[in-house]
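Counting starts at 1 for both ligands and their atoms, in listed order. Residues: numbered from 1 along the sequence shown.
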Amino acid sequence: MLNKIADYEPVVGPALIQELRLLAQHLKGRPMQHVNATAVGGGVAEILNRMIPLFLDLGLDARWDVIKGGERFFTITKKFHNMLHGRKEEISQEDLDHFQEVSQMNLKEMNLNADFFFIHDPQPIGLVHKKGEIGKKWVWRCHIDSTVCDPFLWNYLEGYVKNYDAVVFSAPSFSKPLSIRQTIISPSIDPLSDKNKDLSPEMVDQVLEKFKIDRSRPIITQISRFDYQKDPLGVIKVYRMVKRNIDCQLILAGGGATDDPEGLQILEMVQKEAQDDPDIRVLFLPPSSDIEINALQRASDVVLQKSLREGFGLTVAEALWKGKPVVASAVGGITLQIAHGYTGLLSHTIEGTAYYVKQILHNPSFAERLGKNGREHIRQNYLITRHIRDYLLLMLSLEKEGETIYL
Ligand code: UDP
């Protein structure tokens with residue numbers, strides 16, 4: 001269901017809704033265009049799906065387009081993604097040439113026509129070439145944890161980045177010395193989406209029955225694309241350590257993304273590792289499994305996010321919003337969401353993660369307190385309404401630099 005901005009008032013209060021309307025008045029009818037690399041799968045698509053209708057409701061002429069590219073292009077950009085995360089990859093001159101050719105092809109074929117462009121992540125970064133022809137305001141929105149980015153790749157990307165008007169990172173630690181403006185805007189979740197809205201206990205039961213999951217024993221869950229950076233094999237190790245003391249089950253649920261060619265390979269590794277244990281459920285979910293994910297998160301006793309690197313980790317916000325105790329790696333944007341011991345638990349190792357999972361399973365009142373605090377932290381900081389406000393403010397500040405805006 002598509003929501004209107006007014007629907008959020010009971011969740012975030014009237015003041016923020018009023019502020020959004022006042023800010024949006026200054027941008028009425030103005031075209032804004034978002035471009036990314038996939039329409040389904042992963043956090044960026046998740047956010048844009050929900051945000052575009054709300055910008056339209058606020059009176060902006062918002063649209064979202066997806067670049068085209070073949071398998072070779074997305075294999076190269078997945079290497080970029082991994083290198084931004086600090087992983088070693090081989091990139092050849094031919095790879096870079098191909099990246100540029102596909103960028104040129106998209107520049108020719110796409111209708112790039114707006115006053116404000118939000119270009120998400122490295123895949124479409126080359127579209128900024130168009131700025132030389134049409135001007136307007138261009139924002140590169142980097143969702144990836146780039147703290148330990150491979151210097152060769154950063155040097156290459158900087159050739160594009162410096163042509164933008166501003167860069168948006170998800171967390172302070174990702175910022176870099178740059179000649180252009182940079183700002184921090186954390187991602188967000190939508191409390192009214194199928195992924196996050198309240199579900200009746202009957203609905204949760206139905207989904208769990210569909211997957212034939214035993215409700216009588218504790219459930220540990222990680223929801224993520226099957227990606228090396230999400231460390232699904234590490235999650236299995238954590239589960240095995242916990243299992244020595246507590247008869248629990250593990251759900252590893254996720255799907256793929258069209259811009260992530262490594263997914264199937266990782267899924268096969270996980271299935272192989274899990275094949276002899278009926279208490280590990282590996283669920284490969286099709287796109288639009290939002291209700292299923294919502295129910296799995298709600299039915300869990302502990303939610304894990306054992307990422308090796310993480311831009312933000314929407315799955316953490318989703319679980320916290322549902323009042324679940326979360327144990328997650330202290331990486332990237334996860335550390336913004338979890339204050340250790342207050343809104344969840346942060347871990348650094350497989351052993352540490354297993355220890356915290358046991359602590360939560362042994363102590364239901366502690367688990368409940370973490371979940372309650374976590375939900376409030378997300379309400380205050382990481383809901384879609386705050387995110388929209390930050391984008392509106394960014395657009396206004398780019399256009400009216402140095403001017404006072406009277407609301
Ligand atoms: N997600 C999904 N289906 C899946 C796996 C993940 O809908 O099979 C969603 C998940 O609920 C979250 C987003 O995709 O909303 C993942 O965002 P996150 O920031 O956690 O990680 P990313 O995939 O962007 O690295």
Side-chain angles (χ1 to χ4, degrees), residues 36-51 77-78 80-82 84-85 87 120-123 141-146 169-171 174 185-197 199 207 211 221-232 235 251-264 266-267 270 281-298 300 303-322 324 326 328-329 331-338 378 382-384 387:
N36 80 325
T38 176
V40 284
V44 181
E46 181 80 20
I47 293 169
L48 291 176
N49 242 316
R50 302 298 302 176
M51 205 176 238
T77 58
K78 183 69 203 243
F80 283 9
H81 184 103
N82 292 337
L84 268 164
H85 276 308
R87 204 165 113 190
H120 297 261
D121 287 338
Q123 302 93 328
R141 180 35 174 131
C142 179
H143 294 265
I144 303 167
D145 176 351
S146 52
F169 291 109
S170 293
F174 305 166
I185 299 181
S186 296
S188 62
I189 59 162
D190 185 340
L192 305 183
S193 66
D194 283 348
K195 176 79 56 69
N196 298 308
K197 68 184 184 187
L199 290 184
V207 172
F211 291 125
T221 301
Q222 177 163 298
I223 310 275
S224 275
R225 286 180 298 107
F226 287 95
D227 181 327
Y228 165 82
Q229 305 287 0
K230 310 288 182 183
D231 198 16
V235 171
I251 300 175
L252 275 167
T258 49
D259 63 342
D260 180 3
E262 286 178 340
L264 280 179
I266 305 285
L267 173 68
V270 172
R281 302 298 306 278
V282 181
L283 306 176
F284 189 69
L285 301 174
S288 73
S289 298
D290 289 357
I291 296 281
E292 283 79 0
I293 291 173
N294 189 340
L296 290 170
Q297 286 167 332
R298 285 180 194 280
S300 302
V303 173
L304 291 186
Q305 193 58 53
K306 223 210 98 12
S307 305
L308 303 174
R309 300 252 155 225
E310 194 60 78
F312 181 71
L314 286 180
T315 47
V316 171
E318 288 162 5
L320 293 175
W321 179 245
K322 292 165 186 112
K324 290 291 150 183
V326 176
S329 306
V331 294
I334 291 177
T335 55
L336 298 175
Q337 302 180 66
I338 295 190
I378 298 301
Y382 301 115
L383 295 185
I384 194 165
H387 199 173

**Request:** Return a yes/no value for Gly255: is any of its N or O atoms, backbone included, closer than 3.5 angstrom to an N or O of ligand 1?
**Result:** yes

**Request:** Before signing off on this row, confirm whether Ser224 and ligand 1 have an N or O atom pair separated by under 3.5 Å.
**Result:** no

**Prompt:** Near Gly313, which atoms of ligand 1 are under 4.0 Å from a heavy atom of that residue?
**Reply:** 19 (O), 20 (O)

**Request:** Under 4.0 Å from a heavy atom of Glu318: give me the atoms of ligand 1 that qualify, with their elements.
**Result:** 10 (C), 11 (O), 12 (C), 15 (O)

Students should be able to answer this: which protein heavy-atom is nearest to [atom], and at what distance?
atom: atom 6 (C) of ligand 1; answer: Ile223 CG2, 4.2 Å
atom: atom 23 (O) of ligand 1; answer: Arg225 NE, 2.7 Å
atom: atom 24 (O) of ligand 1; answer: Gly43 N, 2.8 Å
atom: atom 3 (N) of ligand 1; answer: Ile293 CD1, 3.3 Å
atom: atom 21 (O) of ligand 1; answer: Lys230 NZ, 3.0 Å

Rounded distance (nearest 0.5 Å) linking atom [atom1] of [X] with atom [atom2] of [Y]:
X: Phe312; Y: Ile334; atom1: CZ; atom2: CD1; result: 9.5 Å
X: Leu296; Y: Ile291; atom1: CG; atom2: CD1; result: 11.5 Å
X: Phe226; Y: Phe284; atom1: CZ; atom2: CZ; result: 7.5 Å

Please check if any side-chain donor atom of [X] sits under 3.5 Å from a side-chain acceptor atom of [Y], or the reverse.
X: Ser224; Y: Gln305; answer: yes
X: Arg50; Y: Ser188; answer: no
X: Ser289; Y: Glu292; answer: no

**Message:** I need the contact type for Gln305 against ligand 1. Using non-hydrogen atoms and a strict under-4.0 Å cut-off, is it side chain, backbone, both or neither?
**Reply:**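 Neither; no heavy atom under 4.0 Å.
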
**Asked** Counting heavy atoms only, which of Lys195, His81, Arg50 comes nearest to atom 9 (C) of ligand 1?
**Response** Lys195

**Message:** Considering Leu314, Thr38, Asp121 one by one, which has a heavy atom nearer to atom 20 (O) of ligand 1 than any of the others?
**Reply:**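 Selected option, by shortest heavy-atom distance: Leu314.
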
**Message:** Run the salt bridge (charged side-chain N to carboxylate O under 4.0 Å, His left out) test on Arg141 and Asp121 for me, step by step, so that the C-alpha distance in whole Å, both residues' side-chain angles and the decisive distance to 0.1 Å come before the verdict.
**Reply:** CA-CA 6 Å; Arg141 180 35 174 131; Asp121 287 338; over 6 Å; no

**Message:** Can you tell whether the side chains of Glu262 and Arg87 come within less than 4.0 Å, N to carboxylate O?
**Reply:** yes

